Amino acid sequence: MSNSVSSTTDQSATIDEIVATSLQAQQQTGPDLRQIHSKSHGLLWGEFIIEPNLPEELRVGLFKTPQTYPAWIRFSNGGAPEKRGKFRSDTQPDVRGIAIKVMNVEGQKILDDEEKTQDFILNSYPTFFTKDVRDYADIFKAASGQLTPERLEELGYAFALLQKITSKNVGNPLLIQYWSMAPFKFGNRIVKLSVKSQQIEQPPETLPESENYLREAIVNHLAVGEAYFDFLIQFYVDDEKTPIEDHVKEWQEADSPFIKVATVRIPSQKFDFEERKRLDEGILFSPWHTLLEHEPVGSVNLSRKKLYSELAKYRREQIAKRLREPQPYAEVGDSPL
């Protein structure tokens with residue numbers, strides 16, 4: 001067997017391992033809940049506005065024509081439920097996430113389970129916490145004592161980085177920056193993505209005591225005003241400065257400056273009601289809901305393709321069972337990475 005075939009086989013086995021572990025965790029903490037990013041701070045409606053007068057090299061895929069698309073935007077904590085029916089308090093350290101579903105998007109899609117959507121998923125830290133999917137799979141094993149002391153030592157960098165990622169204080173999810181962590185195609189080039197609030201907050205020294213203070217912050221902000229984000233891209237430069245497969249190395253702005261290609265506008269609105277919460281529960285965000293021009297790149301993104309699909313299928317079945325309906329939602333799924 002050639003090295004490339006062996007590597008592909010090993011990677012496939014690792015992804016299967018991650019899927020099995022994630023399904024098991026989902027069964028234990030809430031079969032009808034997302035396994036990761038399960039606690040929502042709100043599902044909001046908004047607009048994804050393509051920048052006018054982009055240079056020709058940036059007129060790619062979704063960004064080919066300047067226009068305004070409707071969008072759903074979901075904010076969340078990264079962690080899994082603590083136990084069945086119990087979410088972690090917002091006062092506990094965690095990564096914060098944003099997921100954007102752009103609607104009415106024409107063009108050839110990679111997956112056919114949704115029509116005319118383009119999804120983007122980003123987190124509140126520039127990098128992933130493991131270098132590759134093998135290390136990611138082994139992180140799951142650490143909690144159950146399946147790893148040797150030598151392997152635990154090798155993964156020390158990941159545990160340290162995970163602690164750093166989850167220790168950032170956030171006062172309002174509408175006032176921070178988010179990053180894609182993993183790379184994506186941009187036509188025949190490769191980029192990473194970022195969504196940056198146009199009004200960045202100073203990180204609070206102390207956090208509010210409410211366990212749902214992040215949702216409350218969004219409710220209060222949108223009761224009286226709007227929120228705006230710049231949608232940014234960074235181009236791949238070379239394997240040393242902007243590696244594709246080393247997911248813990250940050251692409252520095254000095255090496256690859258951010259370029260604005262769109263604006264995300266979230267109007268003043270009320271969203272904290274049951275009908276919206278049910279839609280939030282059922283909507284699926286996946287980086288593989290994408291035009292061909294923005295195909296996910298790298299091993300972490302490859303693992304997400306199967307992981308999202310399998311978790312979504314299982315969760316769809318559980319929601320249908322709970323509501324005693326054959327298909328209660330057109331879009332049901334998971335957002336685990």
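Basis for what follows: all heavy atoms, side chains included, without hydrogens, waters or symmetry-related copies. Note that the structure is predicted; figures quoted are calculated from it, not measured.
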Test item: [X] and [Y] side chains (from C-beta on) under 4.5 Å apart, heavy atoms:
X	Y	answer
Asn169	Glu205	no
Ile49	Tyr69	no
Ser40	Phe75	no
Lys249	Thr127	no
Leu62	Leu291	yes
Asn104	Pro70	yes
Lys164	Tyr125	yes
Ile283	Trp72	yes

Point-to-point distance, once rounded to the nearest 0.5 Å, from [atom1] of [X] to [atom2] of [Y]:
X	Y	atom1	atom2	value
Thr166	Asn123	OG1	CG	12.0 Å
Asp272	Leu44	CG	CG	10.5 Å
Leu279	Lys277	CG	NZ	13.0 Å
His41	Tyr213	NE2	OH	8.0 Å
Ile266	Trp45	CD1	CH2	10.5 Å
Lys101	Leu284	NZ	CG	5.5 Å

Qualifying residues under salt bridge (Lys or Arg N to Asp or Glu O under 4.0 Å), relative to Asp132, sequence neighbours excluded
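Salt bridge (Lys or Arg N to Asp or Glu O under 4.0 Å) check on Asp132 returns nothing, list empty.
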Restricting to salt bridge (Lys or Arg N to Asp or Glu O under 4.0 Å), what partner residues turn up for Lys168, sequence neighbours left out?
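By the salt bridge (Lys or Arg N to Asp or Glu O under 4.0 Å) rule, Lys168 matches no residue at all.
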Out of curiosity, does [Y] fall in the hydrophobic cluster containing [X] (side-chain heavy atoms, cut-off under 4.5 Å, transitive links)?
X	Y	value
Leu193	Trp179	no
Phe235	Leu122	yes
Val95	Val248	yes
Val297	Leu232	no
Val219	Ile98	yes

Has Lys196 got more than 12 heavy atoms of other residues, nucleotides or ligands less than 6.0 Å from its NZ?
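No.
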Is the count of non-hydrogen atoms from other residues, nucleotides or ligands lying under 6.0 Å from Gln199 atom CD greater than 12?
no
Run the numbers on Glu57 and Arg189 for salt bridge (charged side-chain N to carboxylate O under 4.0 Å, His left out), then give the verdict.
CA-CA 10 Å; Glu57 67 169 350; Arg189 301 177 72 180; 3.0 Å; yes
Taking all atoms of both residues into account, what is the closest heavy-atom pair of [X] and [Y], and its distance?
X	Y	answer
Pro208	Thr91	O-CG2, 3.2 Å
Ser194	Gln177	OG-NE2, 2.8 Å
Gly171	Ala217	O-CB, 3.6 Å
Ser256	Val237	CB-CG2, 3.9 Å
Lys192	Pro183	CG-CA, 4.0 Å
Pro296	Phe184	CA-CD2, 3.5 Å

Does Tyr157 form a side chain to side chain contact (heavy atoms under 4.5 Å, CB included) with Thr130? I'd like the steps, not just the answer.
CA-CA 8 Å; Tyr157 82 92; Thr130 64; 3.8 Å; yes
Can we say [X] and [Y] salt-bridge, meaning some charged N sits less than 4.0 Å from an Asp/Glu carboxylate O?
X	Y	answer
Asp230	Lys260	yes
Asp280	Arg276	no
Lys39	Asp90	yes
Lys109	Glu114	no
Arg151	Glu154	yes
Glu275	Arg278	no

Phe128 and His247 aromatic ring geometry - parallel, tilted or perpendicular at 30°/60° bounds
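The rings of His247 and Phe128 stand perpendicular, inter-plane angle above 60°.
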Phe186 and His294 aromatic ring geometry - parallel, tilted or perpendicular at 30°/60° bounds
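Judged by the thresholds at 30° and 60°, the geometry between His294 and Phe186 is tilted.
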Dump the intermediate steps for side chain to side chain contact (heavy atoms under 4.5 Å, CB included) on Glu47 and Thr68, then the final yes or no.
CA-CA 6 Å; Glu47 295 176 332; Thr68 297; 3.8 Å; yes
Side chain [X], main chain [Y], donor-acceptor under 3.5 Å:
X	Y	value
Trp251	Pro243	yes
Trp288	Asn301	yes
Asp238	Lys241	yes
Gln269	Pro267	yes
Arg265	Ala227	no

Under 3.5 Å side-chain donor-acceptor pair for [X] and [Y]:
X	Y	answer
Glu226	Tyr228	yes
Asn77	Arg96	yes
His289	Asp113	yes

Single hit among Asp119, Val195, Ile121 for side chain to side chain contact (heavy atoms under 4.5 Å, CB included) with Ile100:
Val195
Walk me through it: do Ile244 and Tyr236 pass the test side chain to side chain contact (heavy atoms under 4.5 Å, CB included)?
CA-CA 8 Å; Ile244 292 172; Tyr236 167 85; 4.0 Å; yes
Can you name the one residue among Glu295, Lys185, Gln118 that meets side chain to side chain donor-acceptor pair (under 3.5 Å) with Thr290?
Gln118
Between Phe120 and Phe231, does the ring centre distance come in under 6.0 Å?
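Judged by ring-centre distance (under 6.0 Å), Phe120 and Phe231 do meet the cut-off.
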With side chain to side chain contact (heavy atoms under 4.5 Å, CB included) as the test, would you mind laying out the steps for Val261 and Ile50 before giving the verdict?
CA-CA 6 Å; Val261 292; Ile50 308 302; over 6 Å; no
